[in-house]
Amino acid sequence: MENQIPACPVETTLLLISNRWKVLIIRELLTGTKRFGELKKSIGHISQKVLTSNLRDMEANGLVKRDVFAEVPPHVEYSLTELGMSLKPILDAMYVWGENFKNKQ
């Protein structure tokens, strides 16, 4: 990713949270650690393939931490890193803007 970082900070942010699924994943993980199935269920109409792809991308960019537990059956938990948690004010601002927009309709 470092070779692809745009000069514009807004563009950099958009590159990291470039689609609605990533924003919704962050929203869900802001409340705490979740297993894959919990994320899929709470997000709704997202396919397993798309969720996996977005989680891998977010992990590669340092936004999400993936913990694998070597149990039987094995399970994986996802949580936000400190960098991922730093996106909270952005999501909070999006929430306020969305509420204001809905109230004007």
Contacts of Lys102 that satisfy side-chain hydrogen bond (donor to acceptor under 3.5 Å, both in side chains) - sequence neighbours left out: Glu99
Side chain to side chain contact (heavy atoms under 4.5 Å, CB included) partners of Thr13, counting only residues at least two apart: Ile17, Ile90
Contact check, side chains of Met58 and Leu16, non-hydrogen atoms, under 4.5 Å: no
Hydrophobic cluster of Val10, others only, ordered by chain and residue number, side-chain cut-off 4.5 Å: Leu14
Heavy-atom pair of closest approach, residues Ile5 and Thr12: CG2-OG1, 3.8 Å
Sequence neighbours excluded - ring-ring contact (aromatic ring centres under 6.0 Å, His included) pairs with any residue from residues 81-104: Trp97-Phe101
Contact summary for Leu39 and Ile25, nearest pair of heavy atoms: CD2-O, 4.5 Å
Interatomic distance, Arg27 atom CZ to Leu87 atom CG [nearest 0.5 angstrom]: 14.5 Å
Salt bridge (charged side-chain N to carboxylate O under 4.0 Å, His left out) against Lys65, all qualifying residues, sequence neighbours excluded: Asp67
Reported CG-to-NZ distance for the pair Asn54 and Lys49, which is rounded to 0.5 angstrom: 12.0 Å
Partner set under side-chain hydrogen bond (donor to acceptor under 3.5 Å, both in side chains) for Lys22, not counting sequence neighbours: Asp57
Under 3.5 Å: donor-acceptor pair, side chain of Ser86, backbone of Leu83: yes
Residue list, side-chain hydrogen bond (donor to acceptor under 3.5 Å, both in side chains) with Lys88, at least two apart or on another chain: Asp92
Those residues that, when tested against Arg66, pass side chain to side chain contact (heavy atoms under 4.5 Å, CB included) (two or more places apart): Glu59, Val68, Val76, Tyr78
Any pair counted as ring-ring contact (aromatic ring centres under 6.0 Å, His included), so long as it reaches residues 42-65, sequence neighbours left out: none
Side chain to side chain contact (heavy atoms under 4.5 Å, CB included) involving Glu11 - partner list, sequence neighbours excluded: Pro6, Cys8
Backbone N/O of Gln48 and side chain of Thr52: donor-acceptor pair under 3.5 Å: yes
Residues which pass side-chain hydrogen bond (donor to acceptor under 3.5 Å, both in side chains) with Glu71, listed by chain and number, not counting sequence neighbours: His75
Exam field: side chain Asn19 to backbone Trp21, donor-acceptor pair closer than 3.5 Å: yes
Nearest atoms (heavy-atom pairs only) where Val64 meets Thr81: C-CG2, 3.8 Å
Check residues 29-36 and write down every donor-acceptor pair under 3.5 Å in which the side-chain atom is one partner and the other belongs to a residue at least two apart or another chain.
residue: Thr31; atom: OG1; partner: Glu28; partner atom: O; Å: 2.7
residue: Thr31; atom: OG1; partner: Lys34; partner atom: NZ; Å: 2.6
residue: Lys34; atom: NZ; partner: Glu28; partner atom: O; Å: 3.0

Donor-acceptor contact below 3.5 Å, side chain Lys40 vs main chain Ser47: no
